[in-house]
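Before any comments, here is the structure.
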Amino acid sequence: MTSATENQINEFVAHLTVERNLSPRTVESYARDLRQFSSWLDEQNLGLKSIDRAHLRTYLGSRRDAGLSARSAARALSALRSFFRFLLQTEVLAGDPTANLKSPSLWQTVPHALTTDEIDALLAAPDTSTTLGIRDRAMIETLYATGLRVSELVGLTLDRVRLDPGYVRVLGKGQKERLVPLGDSAVSRLEQYFDGSRPELNRNHRSEVFLNHRGGKLTRQGFWKILRGHAVNAGLTSPISPHIVRHSFATHLVENGADLRAVQMMLGHTSLTTTEIYTHVARERLRKLYDEKHPRA
């Protein structure tokens, strides 16, 4: 947490305690939510003054994808609303990014997804003439090919990858196992990684597929930074996170006619209702395309 952000949070917590006289439990919950948000800002290399509504949607969406309940997500949004209003009132900020931001229960059904052109640019960003570039291309290809959660990607071990016939065995939430296909492009990039880069990195004889530059296990935060760096190099201006690439995987499948239950199985969703959000995304994108391209729209 940066000192500036920490100071603002501390001042806000004092304001809740002294001036608004909220209960200690409520103040503690708000403080916890805001410190989690601050950690996410650090991961994204963002400051309070650069935050906009899209960033907040991405943040709360990533929390939901990590298992946060709708009730807790609503509380987190309430904390953010109060915090940013406080910053506005104290003239730290000139605007409130939470203004007109809908409740997670309303907007979580339409997650942001990258376009296929943006995905192509992201995949092409790593320099595959280098050891780490080959690794990064293989990681991003695998993420987009499978729609894994970031924890599942960095936790993937060698014994769970089968390049022929091309699938991964994923141990997801609740220790539930699922099989997810690998496309030809991902298989090709993984073969390149296994043949060259990984032996160079694997100085510590690790079982994880993807290793950091020191030969250790890659962390979730480490992968976020790698992905963000390549997004910048690719010239992407929309929000980016492993969560968004996962959404893009599912959205593109549905847009191209994939069976919803097959998508549910690949994503590891317990309920089909959760997967049905992608039919809403596909319809919205189709409507936007119609409005942009049809002469009578």
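One is the number of the first residue; the rest follow in order along the sequence. Computed from a predicted model, the values in this text were never measured in an experiment.
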I'd like to know if the side chain of [X] reaches the main chain of [Y], judged simply by a donor and an acceptor atom lying under 3.5 Å from each other, with no hydrogens or angles considered.
X	Y	answer
Asn202	Arg198	no
Arg246	Leu148	no
Ser78	Ala74	no
His252	Leu114	yes
Arg169	Glu177	no
Thr251	His247	yes

Do [X] and [Y] make a side-chain contact, defined as non-hydrogen atoms from C-beta onward lying under 4.5 Å apart?
X	Y	result
Thr146	Val168	yes
Leu87	Phe12	no
Phe84	Ile51	yes
Leu132	Leu201	yes
Ser197	Gln192	no
Val150	Leu227	no
Arg75	Ser29	yes

Next on the checklist: Is there a side chain to side chain contact (heavy atoms under 4.5 Å, CB included) between Leu123 and Arg137? Walk through the geometry before answering.
Outcome noted: CA-CA 6 Å; Leu123 291 172; Arg137 179 66 186 260; 3.9 Å; yes
How close do [X] and [Y] get, heavy atom to heavy atom, and via which atoms?
X	Y	answer
Ile240	Gln44	O-OE1, 3.7 Å
Leu236	Ala121	CD2-CB, 4.4 Å
Gly183	Ala145	N-CB, 4.2 Å

Item to check | Stepwise side chain to side chain contact (heavy atoms under 4.5 Å, CB included) test for His243 and Tyr59 | outcome: CA-CA 10 Å; His243 170 78; Tyr59 167 68; over 6 Å; no
[atom1]/[X] to [atom2]/[Y] distance, rounded to the nearest 0.5 angstrom?
X	Y	atom1	atom2	answer
Leu80	Leu34	CG	CG	6.0 Å
Thr5	Lys49	OG1	NZ	11.0 Å
Glu28	Leu22	CD	CG	13.0 Å
Phe249	Ile119	CZ	CD1	11.5 Å
Arg85	Leu93	CZ	CG	13.5 Å
Thr142	Leu190	OG1	CG	3.5 Å

Checklist entry - Applying the 4.5 Å side-chain criterion to the ILVMFWY set and letting contacts propagate, would Leu158 and Phe223 be lumped into a single cluster? => result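 Same hydrophobic cluster.
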Checklist entry - For the hydrophobic clusters of this structure (ILVMFWY residues joined by side-chain heavy atoms under 4.5 Å, transitively), does one cluster hold both Phe86 and Val13? => result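 Phe86 clusters together with Val13.
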Next on the checklist: Filter on side chain to side chain donor-acceptor pair (under 3.5 Å), then keep only pairs touching residues 219-235, sequence neighbours left out; what's left?
Outcome noted: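 Of all non-adjacent pairs touching residues 219-235, those that pass side chain to side chain donor-acceptor pair (under 3.5 Å) are Asp136-His230.
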Checklist entry - Under the side chain to side chain donor-acceptor pair (under 3.5 Å) rule, what pairs show up with a residue in residues 207-216, not counting sequence neighbours? => result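 Qualifying pairs: Arg206-Glu208.
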Checklist entry - For Val232, which residues count as a side chain to side chain contact (heavy atoms under 4.5 Å, CB included) partner, sequence neighbours excluded? => result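 Testing Val232 for side chain to side chain contact (heavy atoms under 4.5 Å, CB included), a comparison that skips the adjacent residues, returns none.
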Checklist entry - Ring centres of Tyr30 and Phe83 under 6.0 Å apart? => result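 Ring centroids of Tyr30 and Phe83 are no less than 6.0 Å from each other.
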Checklist entry - When you look at Glu200 and Arg135, which way does the side chain to side chain contact (heavy atoms under 4.5 Å, CB included) test go after all the steps? => result CA-CA 11 Å; Glu200 293 181 29; Arg135 178 206 63 185; over 6 Å; no
Next on the checklist: If we count only N and O atoms by modelled type, under 3.5 Å, do the side chains of Thr157 and Asp159 hold a donor and an acceptor together?
Outcome noted: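 Distance-only check passes for Thr157 and Asp159.
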Next on the checklist: Evaluate His15 against Arg20 for side chain to side chain contact (heavy atoms under 4.5 Å, CB included), listing each step before the verdict.
Outcome noted: CA-CA 7 Å; His15 165 76; Arg20 292 184 56 183; 3.5 Å; yes
